[in-house]
Structure formats: structure tokens, C-alpha cells
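Working notes for the structure below.
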Amino acid sequence: MKNNMIKAVLVFGMTLFMSFNSFGQPGNRGDRKKPPTFKQLLKDMDANEDGKLSKEEVKGPLKEVFAKVDTDEDGFITEKEFEKAPKPKKGERKEKG
């Protein structure tokens, strides 16, 4: 009887420990916010709706790397340039704050 009670308490304690431990863990990596698509950027920033982004239209981190993305140096980022742009390395993106 005493042995069964000790086992039950241990099982309950381990279950409780494991459930509390899992709450602090980061979720599935699929839950992370993905970078915007060019189509989404156009929707959000393309003020004159010409299908490309000028330096005056862009904001945020894209504005900071505009010259690197605008490879033909025409003052606009096209979908082709955006798709070929170097992606930020892990931890390099700035959080909104």
C-alpha cells in the first residue's frame, strides 16, 4: 500500500513538473512570423501603385538596406530584385519596439 502511494505521488509529481516545464518552451518554429512577401510590401507601401518600391515609399529595415537590394541602382526595388536580395542572418532582424 505504502509503495503504491509513493509511486502515485512520484508519477503525479513528474507529470506536474513536465507540464510546467513545457509552458516556458518556445513554440513550434512554424509559429514564428515570416518575412513579408513582395506582394504584401506593395500592398503596404506602394503609394503610387506602380508595382515597384522607391526609397521614399519604403520604411523599416528595408529602407536601411535599400541600396543593397536595388541592384540596378535605378532608385526602385522590383520584385525580381527583392527575390534576389540577401536574406538577414538569424538574429540580424530588428524587432519592432
Tell me, do Leu53 and Phe82 make a side-chain contact under 4.5 Å, heavy atoms counted? no

Atom CD of Glu83 with >12 non-hydrogen neighbours under 6.0 angstrom: yes

Of Leu62, Asp46, Val58, the residue whose pairing with Leu41 passes side chain to side chain contact (heavy atoms under 4.5 Å, CB included): Leu62

Return the set of residues passing side chain to side chain contact (heavy atoms under 4.5 Å, CB included) with Phe76 (not counting sequence neighbours), or none when no residue passes. Asp50, Lys52, Ser54, Asp74

Distance check, rounded to the nearest 0.5 Å: Lys68 atom NZ versus Glu81 atom CD? 15.0 Å

With sequence neighbours excluded, what pairs up with Lys59 under the side chain to side chain contact (heavy atoms under 4.5 Å, CB included) test? Met45

Just wondering, are more than 12 heavy atoms of other shown residues or ligands nearer than 6.0 Å to NZ in Lys80? no

Stepwise side-chain contact (heavy atoms from CB on, under 4.5 Å) check, Glu79 with Leu42: CA-CA 9 Å; Glu79 185 170 11; Leu42 286 178; over 6 Å; no

If you compare all heavy atoms of Ile77 against all heavy atoms of Phe38, which two are closest, and at what distance to 0.1 Å? O-CZ, 3.6 Å

Determine whether Lys55 and Asp70 make a side-chain contact, defined as any pair of heavy atoms from C-beta on separated by less than 4.5 Å. no

